[in-house]
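Here is the structure we will look at.
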There are 2 protein chains.
Amino acid sequence: MPRRPPVSRRRKPHQDRAQATCEAILTAAARVLVKNGYEAASTNRIAREAGVSIGSLYQYFPSKEGLVMAVMERHRTRSLAGFEAELVRLASQPLPQAIRALVRQLLTTKLENPRLHQVLHELAPRMRQLGQVDPHEQRLFRLVRAFLAPRAEELRPKDLDMAVFVLVHSVETLCIKAVADRPDYLTNEAFLDELCALMQGYLQPAGASSRTTPKKMTGRGRSSASREISARP
Amino acid sequence: MPRRPPVSRRRKPHQDRAQATCEAILTAAARVLVKNGYEAASTNRIAREAGVSIGSLYQYFPSKEGLVMAVMERHRTRSLAGFEAELVRLASQPLPQAIRALVRQLLTTKLENPRLHQVLHELAPRMRQLGQVDPHEQRLFRLVRAFLAPRAEELRPKDLDMAVFVLVHSVETLCIKAVADRPDYLTNEAFLDELCALMQGYLQPAGASSRTTPKKMTGRGRSSASREISARP
DNA sequence: CCAGAATGTGAGCTAGGACTCACGTTCGCA
DNA sequence: TGCGAACGTGAGTCCTAGCTCACATTCTGG
């Protein structure tokens, strides 16, 4: 029941105190979203949880939706930063190793606060109003595309945009579904193996490949059930 | 704002008239959900759209959530039936052809009412209360597992359950995301090629395979952008 | 130290939506 | 033809949650 179009004539925090209030509201919002879900996450409850009055909340956020958007914004920006750093670091690595490192990065990121990732992911479709395209998603797509473009020769897919679409959405969703239905997968090295196999098999169906270590996935598939995913190999 | 736990002491339709009312409500609900989304789909609006009083709606459905669940139930049952029929039909086909037919089946099903598929898919996480597992998803998993099990020897993945998890979720999501962001993909044969490549590359990374036509995906990748997906090859 | 800006407060307004109930209407059947 | 059961109706109840506003408190610069 939004009363009017979000007028966004909200204060910008200038003093440290205000900054802290904003921070408290955002983290409380994330916490309540995780604990109670979107419906039950009333603005009053979030304010209370933040130790702040409801009035303060509406000084810095134009509406409940605006607040949730801000939470998503912050969260996705951070996640993307981590992913981009890894992408840069792996720019010149051979593809199989790069893929593995990237997937591992995704999984460990999700592992920090799985539920928040899940909730925000499931909330995303409801937030983009009227055909708004998610700028973070666009950015993610461009990053992955830029990563793949130099290796286009070694790759099976001809349509790079379509390949990025396929890769990003499938891996992202598999991580989220794992959070929701199979949390054990998140720390199961065999699952990481499968995600890598999915991407690898899609991009380079063993045979094409290149000058760069075309090793055909050795030592995978047996007795990997108990290995655990850790920070870096 | 549900007022009390859904008491489900609702009438069961006995006469044809009542059956028709139920039907009208269900289809109206689907229509309104597609047109306005879950939030804006008030029960009053759905009743009006169905040409039925709000009282009638609550005679057959215990709550708004119950109604939406019923819509999902019907929709998923139908989709699953189509998929299962195709699965049975393809039981003895070589894997690559079977995969292609199945993916085609999924895409054409989605094509019948793309938005409804999308909306219900995005709504699903909100509906399962308190760790309820979706019986349709479970059934789908079992079906695919039963389809793959006899060919386990030819397949790369050792953990069949995990493989089903990966396959089902990735393909399902890619179809839904295509509906939402790239509707052109749904009728683009190149997209179907990519979905098949994804699954094929995952299950049989060219080299393993079998006695059954191990052809290595010929004639794919160029000038397929304008081919259109039709009923059957 | 004080003026004014920035910040914080929370009781209360209001819209709108889920759901009920007392009452009509139609149907099946003897 | 009449009676009970099934069915249909919609004005109205109740309640929640988003959001405002008039006022209190704290900070900053001169």
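Bear in mind that the values here come from a model prediction, so they are computed numbers and not experimental data. Note on naming: letters A, B, ... go to the chains in the order of the sequence lines (proteins, then strands), and numbering restarts at 1 for each one.
Taking only side-chain atoms of Ala18(B), from C-beta outward, the nucleotide of dT7(C), dC19(C), dC7(D) with the closest atom is dC7(D). Considering only side-chain atoms of Gln15(A), the nucleotide from dC27(C), dT28(D), dG18(D) that sits closest is dT28(D).
Qualifying side-chain hydrogen bond (donor to acceptor under 3.5 Å, both in side chains) partners for Thr109(B), counting only residues two or more places apart in sequence or in other chains: Gln105(B). For Arg17(A), there are no salt bridge (charged side-chain N to carboxylate O under 4.0 Å, His left out) partners two or more places apart in sequence or in a different chain.
The distance between atom CG of Asp16(B) and atom P of dA5(D), rounded to the nearest whole Å, is 21 Å. Atom CZ in Arg17(B) sits about 4 Å away from atom C1' in dC7(D), given to the nearest Å. In this structure, the NZ atom of Lys12(B) is 17 Å from the C1' atom of dA5(D), given to the nearest Å. Atom CD of Gln59(A) is separated from atom P of dA5(C) by 16 Å (rounded to the nearest Å). Between the P atom of dT20(C) and the NZ atom of Lys64(B) lies a distance of 15 Å, rounded to the nearest Å.
For the OP1/OP2 pair of dC19(C) and a distance below 4.0 Å, the side-chain nitrogens and oxygens of Tyr58(B) include at least one atom meeting the criterion. Between Tyr60(B) and the phosphate of dG8(D), there is a side-chain N or O to OP1/OP2 separation shorter than 4.0 Å. Of the side-chain N and O atoms in Thr21(B), one or more sit less than 4.0 angstrom from OP1 or OP2 of dG8(D).
Atoms CG and CG, from Asn44(B) and Leu57(B) in turn, are 8.5 Å apart once rounded to the nearest 0.5 Å.
Between Arg76(B) and Glu172(B), no side-chain nitrogen of the basic residue sits less than 4.0 Å from a carboxylate oxygen of the acidic one, so the salt-bridge criterion is not met.
Of the residues in residues 27-57 of chain A, Ser42(A), Thr43(A), Asn44(A), Ile54(A) come within less than 4.0 Å of DNA chain D through at least one heavy atom, sorted by number.
Closest approach of Ala98(B) to Phe147(B), counting heavy atoms only: CB-CZ, 3.6 Å.
For an aromatic pair to be called close, the ring centres must be under 6.0 Å apart, and Phe141(A) with His136(A) fails this.
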